[in-house]
Amino acid sequence: GTEAASDSKYGMKQIAAFLKDGKKADQVQCYSLEKNKYDCSYTVLDNGMKVGSCVPQKEVVKDATTTASKIFIGIIFALVMSLLIGVVFSVYITNPLKTITGIIQTTAELNFQSNDAIEKLCKRKDETGAMAIAVQNMQLHIRELVKQIGGASETLRQNIQKLEQTTNSVDSLSVDNSATSEELAA
């Protein structure tokens, strides 16, 4: 807007001229009256009447400063809260994943013993619980496979012993047959 002189008569004349000018509706006119600055604005209603208001600039600036301060404090609060929530969620998500990774690592090192941590994780109702159940099932299947391999190994050892006995027996019979053949040939 424009600023009028500080003389109260002139300031009021300026405001009156501003209000008469229909082209300046919805604009802000600044003027001074008795060392105070005011912002004045008006609008024209559908019926042709004008509604206006004049507000001391101190109040406008005070409210704007208060609002800006509140917005700034709100932004800082929101940033701190989002940071805290982010940290809490990252711990909530990463700790179970670290535990599952550790269990998979021990399984990769051929340590198939059950783990209390996996039991706790299996009780969770989220994705990490589903992963823990899958890892636990994998460990169970690997343990069964190792037992089957151990059983097959024992059976193979027994068969090897029987084969050695049979080989020794055949060897002994071969030696006897060879000696008998030599006696008959002589």
Practice task
Find out whether Q136 and E119 are in side-chain contact, i.e. whether some heavy atom of one side chain is under 4.5 Å from a heavy atom of the other.
Solution key: yes

Problem - Lys/Arg-Asp/Glu bridge criterion (N-O < 4.0 Å) met for E154, R157 - result: yes

Is a donor on one side and an acceptor on the other found under 3.5 Å between the side chain of [X] and the backbone of [Y]?
{"X": "S169", "Y": "Q165", "answer": "no"}
{"X": "T166", "Y": "K162", "answer": "yes"}
{"X": "T128", "Y": "R124", "answer": "no"}

[atom2] on [Y] to [atom1] on [X], rounded to 0.5 Å:
{"X": "K98", "Y": "I93", "atom1": "NZ", "atom2": "CD1", "result": "12.5 Å"}
{"X": "T107", "Y": "M138", "atom1": "OG1", "atom2": "CE", "result": "4.5 Å"}
{"X": "I118", "Y": "D116", "atom1": "CD1", "atom2": "CG", "result": "11.0 Å"}
{"X": "I103", "Y": "Q139", "atom1": "CD1", "atom2": "CD", "result": "6.5 Å"}
{"X": "M131", "Y": "C122", "atom1": "CE", "atom2": "SG", "result": "11.5 Å"}
{"X": "L145", "Y": "L140", "atom1": "CG", "atom2": "CG", "result": "12.5 Å"}

Same hydrophobic cluster for [X] and [Y], using side-chain heavy-atom links shorter than 4.5 Å among ILVMFWY?
{"X": "Y92", "Y": "I100", "value": "yes"}
{"X": "I142", "Y": "L110", "value": "yes"}
{"X": "Y42", "Y": "V51", "value": "no"}

Problem - Exceeds 12 heavy-atom contacts within 6.0 angstrom, atom CG of N47 - result: yes

Exercise for the section: Tell me, with the steps shown, if Q105 and E109 meet side chain to side chain donor-acceptor pair (under 3.5 Å). Expected result: CA-CA 6 Å; Q105 184 62 39; E109 294 167 357; 3.2 Å; yes

Practice task
Only one of D126, V135, L97, T99 passes side chain to side chain contact (heavy atoms under 4.5 Å, CB included) with L121; say which it is.
Solution key: T99

